[in-house]
Participant: 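Would you mind keeping the following structure in view while I ask a few things?
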There are 2 protein chains.
Amino acid sequence: MKNSREPDFPDSFDYGQFLPALAIDCVIFGYSEDGLKILILGYKNTSYFSLPGGFIRKREAIDDAAKRILEERTGLKDIYLNQFYAFGNLERSDPELMKMIMENNGFTPSDDHWLLQRFVSLGYFALVNYKRVKPRPGFLSDSCRWYGIHELPELIFDHAKMVEQALEILRRDVYSKRIGENLLFEMFTMGELQKLYESILGEKLHRTGFHRKMMRSGLLKRLGKKKTGGAHRSPYLYSFRSDKPKHAIS
Amino acid sequence: MKNSREPDFPDSFDYGQFLPALAIDCVIFGYSEDGLKILILGYKNTSYFSLPGGFIRKREAIDDAAKRILEERTGLKDIYLNQFYAFGNLERSDPELMKMIMENNGFTPSDDHWLLQRFVSLGYFALVNYKRVKPRPGFLSDSCRWYGIHELPELIFDHAKMVEQALEILRRDVYSKRIGENLLFEMFTMGELQKLYESILGEKLHRTGFHRKMMRSGLLKRLGKKKTGGAHRSPYLYSFRSDKPKHAIS
DNA sequence: TTATCATTGTTTCATATCGAAACAATGATA
DNA sequence: TATCATTGTTTCGATATGAAACAATGATAA
């Protein structure tokens, strides 16, 4: 078993342990009061950014690989994961760019270096608790931080399209799955939940309609009251019902 | 360019032209009056069946590979295609079974034969016109025919799960995409369309509600009348509006 | 102690959708 | 000309949603 403290891909790394030509990229969503965010890696000595990604071991299920990659970058286990699309056109690969990124890290890869091959990438997205994450840069990257979904830096390859598509699926499923549970905390007020939904959907929602809709959806459970000071009526606390499936992937 | 009349995978075949460890499997839906069908291959001299599948060339987009595979089995181009999921757990591979299938075809593959490796498979589904298809068996298979979705033979690997999942997505999208266009003909009556939808959804639909819903969806266009003899009011003919996207994949 | 105020929870009303059923239209057949 | 099966349209009731009014409540200020 590999210790996640080792550098991920040193120069002498054994790429042979992975399935070739197949990668995983993750759109990791987090949320704070200023809105929905995504965890982005910055490559050392360059102005290039990318989604956290990785490869699949030869005897590893793809979902397990995605979980491992997520844990390597966030330190979190047991998070909401959703495989949403496989990206595999020819234009998405850019060996020149990857070579340049490697060179800026002191590597001089040959033209047939493993990392320069054409990859098909499986897109996963994850919903994580922003405050629990300990962002960890990986091999080739020296930054790992959150960016608001409207303030993303320019991403390599087709990663911007991946983000867009992940967001689309997230929006589609937002009223039918336990989205919000991993982005917020275990308990939250209806107002907090509404702000999260507005941030995901990119539009203002009507307060009373949202309240009814969420309660009728059967996803929520109402708990006791919240007393934390506020010069107004104290809101109830809510949580997601535990009898509904917690994750898209078990 | 490979001529599709060549046998697909003769013993001396150059597997090196493909991306390793990555496959494509296709759930090809067709429809006739007795219901929704799927195109299934039967392996020679065995009682095993599988979805039509294939591999991806090293310089070929995955969508193009799916189109090529579909054309090889059906003779059709320009069909409704939808990539719906990547299947990649470890249990899905069964080299013993594949070896047996090959042996029943007169091959004696070594244990490290290319076809016996672990594959991740990209699931696509297609909607085709049943009557236009010329089913063509491929390498290892000697039958290629339609099976009703409730009369499928036992499929290898996780192909039954693939069918199930494809059907789920088809059902989810049935009211928002131009489904029906490629399963029926260019023009159809509302009754014909309703029967198709009932077959897809697996339930009876209410006639008048269906009529309204389809017309309100904006997907349909009403044409002139149909006169073909019937001792009753002649139904209108309908088609899908051409200003909506025709395929899920361009 | 009391009035004020912001926010939350509930109710009401108009509108749109959908299932269900009634009703009207139509074209072949008897 | 009457009958009949099927299709298209309309209506009615139940339900969901947008919008707004109304009630409740807990801190703060007078």
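So that the names make sense, note that chain A is the first sequence line, chain B the second, and so on, each numbered from 1.
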Participant: Pairs counted as Watson-Crick or G-U wobble with both distances under 3.5 Å: what dot-bracket string results for DNA chain C, using | for bases tied to another strand?
Facilitator: ||||||||||||||||||||||||||||||
Participant: Provide, to the nearest angstrom, the distance between the CD atom belonging to A/Gln194 and the C1' atom belonging to D/dG18.
Facilitator: 13 Å
Participant: Taking B/Ser50 for the side chain and B/Leu41 for the main chain, is one N or O donor matched with an acceptor at less than 3.5 Å?
Facilitator: no
Participant: Can you measure A/Met214 atom CE to D/dA16 atom P for me and round it to whole angstrom units?
Facilitator: 15 Å
Participant: Without hydrogens or angle criteria, can the side chains of A/Tyr130 and A/Arg132 be said to hold a donor-acceptor pair below 3.5 Å?
Facilitator: no
Participant: More than 12 foreign heavy atoms under 6.0 Å from CE of B/Met214: is that the case here?
Facilitator: yes
Participant: Are there more than 12 heavy atoms of other residues, nucleotides or ligands under 6.0 Å from atom CD of A/Glu154?
Facilitator: no
Participant: So, B/Tyr124 versus B/Asp63: side-chain donor-acceptor pair below 3.5 Å or not?
Facilitator: yes
Participant: Do the ring planes of B/Phe125 and B/Phe29 sit parallel (below 30°), tilted (30 to 60°) or perpendicular (above 60°)?
Facilitator: perpendicular
Participant: For this output row, return yes or no: ring centroids of A/Phe119 and A/Phe55 closer than 6.0 angstrom.
Facilitator: yes
Participant: Go along nucleotides 11-19 of chain C 5' to 3' and tag each nucleotide: B for a protein heavy atom under 4.0 Å from its base, S when only backbone or sugar atoms are that close, - otherwise.
Facilitator: -B----SBB
Participant: Check the angle between the aromatic planes of B/Tyr197 and B/Tyr175 and answer parallel, tilted or perpendicular using the 30° and 60° thresholds.
Facilitator: tilted
Participant: In whole Å, what is the span from the CD atom of B/Glu192 to the C1' atom of D/dT7?
Facilitator: 13 Å
Participant: Across the strands shown, which category fits A/Tyr238 at heavy-atom distances under 4.0 angstrom: base, sugar-phosphate, nothing?
Facilitator: sugar-phosphate
Participant: Salt bridge or not between A/Arg171 and A/Glu198? Use side-chain N to carboxylate O under 4.0 Å.
Facilitator: no
Participant: Considering just the side-chain nitrogens and oxygens of A/His211, establish if one lies under 4.0 Å of OP1 or OP2 belonging to C/dT8.
Facilitator: no
Participant: Between B/Phe188 and B/Phe240, is the gap from one ring center to the other below 6.0 Å?
Facilitator: yes
Participant: I'd like to know if the side chain of B/Asn89 reaches the main chain of B/Arg92, judged simply by a donor and an acceptor atom lying under 3.5 Å from each other, with no hydrogens or angles considered.
Facilitator: yes
Participant: Between P on D/dG18 and NZ on A/Lys204, what's the gap in Å once rounded to a whole number?
Facilitator: 15 Å
Participant: So which protein nitrogen or oxygen atoms get under 3.5 Å of nucleotides 3-7 of chain C's nitrogens or oxygens?
Facilitator:
residue, atom, partner, partner atom, Å
C/dA6, N3, A/Ala231, O, 3.4

Participant: Once hydrogens and angles are ignored, does a donor-acceptor distance under 3.5 Å link the base of D/dG18 to the side chain of A/Arg207?
Facilitator: no
Participant: Using whole Å, report how far CE of B/Met215 lies from P of D/dT7.
Facilitator: 15 Å
